[in-house]
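The structure appears below as structure tokens.
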Amino acid sequence: MGGSILAAWIKKGYPLKKIFVEEPNPSDWLKKKSDEGLNLNYPQPQDIQFCFLAVKPQSIEAIGPILKSLSNKSVTFVSMLAGIETKRIAEYVGTKEAIVRIMPNLPAQVFKGVTALIENEFVKKEKLFELTTLIESFGAVIKLSGENKIDVVTAISGSGPAYIFLMAELMINEGIKQGLTVEEANVLTKNTILGAGELMIDSDLTPGKLRENVTSPGGTTQAALLHLMGEKKGLPAILPKAIDAAIQRSKQLSKI
């Protein structure tokens with residue numbers, strides 16, 4: 001996710017010389033960007049404004065010393081670690097440090113991301129404004145009213161693109177099975193999902209009402225929805241369980 005956000009900023013023209021990346025095993029892409037001006041594994045600069053934590057939750061212990069070295073330097077720590085609560089981060093950076101938790105998602109790569117955030121009491125208003133502007137460069141931002149909502153956000157929008165990708169994968173595979181070429185199935189499926197998403201954004205109607213509008217009684221869509229909306233084996237039974245599983249996993253990660 002960190003790489004996706006970095007790529008978005010670079011596409012937007014954010015100056016490489018102002019970005020510092022600490023990565024012990026840099027990819028070829030990062031090395032190339034380093035040759036172009038990105039500061040890769042650079043000796044610690046003195047005026048860092050925001051420190052983004054973009055590692056696996058299990059790796060927070062390993063980066064602890066780096067985080068501690070940035071304490072008391074007016075740095076705003078921005079964590080995208082799933083399940084790791086602010087109080088846990090404060091154990092490494094200090095109990096009076098400015099900390100913001102964010103949960104972005106993969107479409108940030110194409111400037112269509114959505115990011116939820118919640119800050120602690122030590123984050124200054126001007127810093128939050130600067131950070132929000134920075135995040136809005138790759139998509140929408142929603143400010144949460146409580147940190148307890150982060151686990152739900154993780155399951156809905158953080159993991160959500162994977163649910164859509166799975167649906168697209170299944171639609172494409174079935175289209176090919178039913179006689180479409182690979183190209184035909186891909187173009188039809190991807191643009192159908194893109195169009196439906198844009199329609200939901202632009203329309204004042206709820207997704208439920210849009211679904212009803214496209215479903216003619218006794219038609220092909222209704223025939224499909226009879227399966228998809230089955231009480232025991234359809235999406236109303238499966239998807240809530242999947243989302244809850246993601247929420248519970250996020251909560252488990254807080255205990256690692």
**Request:** Dump the intermediate steps for side chain to side chain contact (heavy atoms under 4.5 Å, CB included) on Leu81 and Ile89, then the final yes or no.
**Result:** CA-CA 10 Å; Leu81 278 62; Ile89 299 167; 5.8 Å; no
**Request:** Evaluate the side chain to side chain contact (heavy atoms under 4.5 Å, CB included) criterion for residues Leu128 and Lys125: first the C-alpha distance (whole Å), next the side-chain angles of each, then the deciding distance (0.1 Å), finally the verdict.
**Result:** CA-CA 5 Å; Leu128 185 61; Lys125 287 185 178 180; 5.7 Å; no
**Message:** Working note: Glu198 + Lys112, criterion side chain to side chain contact (heavy atoms under 4.5 Å, CB included); need CA distance, chi angles, decisive distance, verdict.
**Reply:** CA-CA 11 Å; Glu198 292 285 358; Lys112 292 292 185 180; 3.9 Å; yes
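Cation-pi check for Lys127 over Phe50 is met; the charged atom lies under 6.0 angstrom from the ring centroid and within 45 degrees of its normal. In this structure, Lys12 is positioned above the aromatic face of Phe111, its NZ or CZ under 6.0 Å from the six-membered ring centre and within 45° of the axis.
The main-chain N or O of Gly113 is never found under 3.5 Å from a side-chain atom of Asn105 such that the two would form a donor-acceptor pair. In this structure, the side chain of Asp151 does not engage the main chain of Ile247 through any donor-acceptor pair within 3.5 Å. Of the possible polar contacts, none joining the Asn120 side chain to the Thr95 backbone as a donor-acceptor pair under 3.5 Å is found.
Residues Ser216 and Gln222 approach most closely at O-CB, 3.7 Å, considering heavy atoms. Here the closest non-hydrogen pair linking Leu70 and Ile48 is CD2-CD1, 4.0 Å. Between Ser250 and Thr154 the shortest heavy-atom distance is OG-OG1, 4.1 Å.
In this structure the side chain of Leu131 reaches within 4.5 angstrom of the side chain of Phe52, judged on heavy atoms. Residues Gln109 and Phe138 fail the side-chain proximity criterion, which asks for heavy atoms closer than 4.5 Å.
The environment of Leu226 atom CG is dense: over 12 non-hydrogen atoms of other residues, nucleotides or ligands sit within 6.0 angstrom. Within 6.0 Å of atom CD in Glu183, 12 or fewer heavy atoms from other residues, nucleotides or ligands are found, so the atom counts as exposed in its surroundings.
For the side chain to side chain donor-acceptor pair (under 3.5 Å) criterion with Thr86, the lone passing option out of Glu147, Arg101, Glu119 is Glu147.
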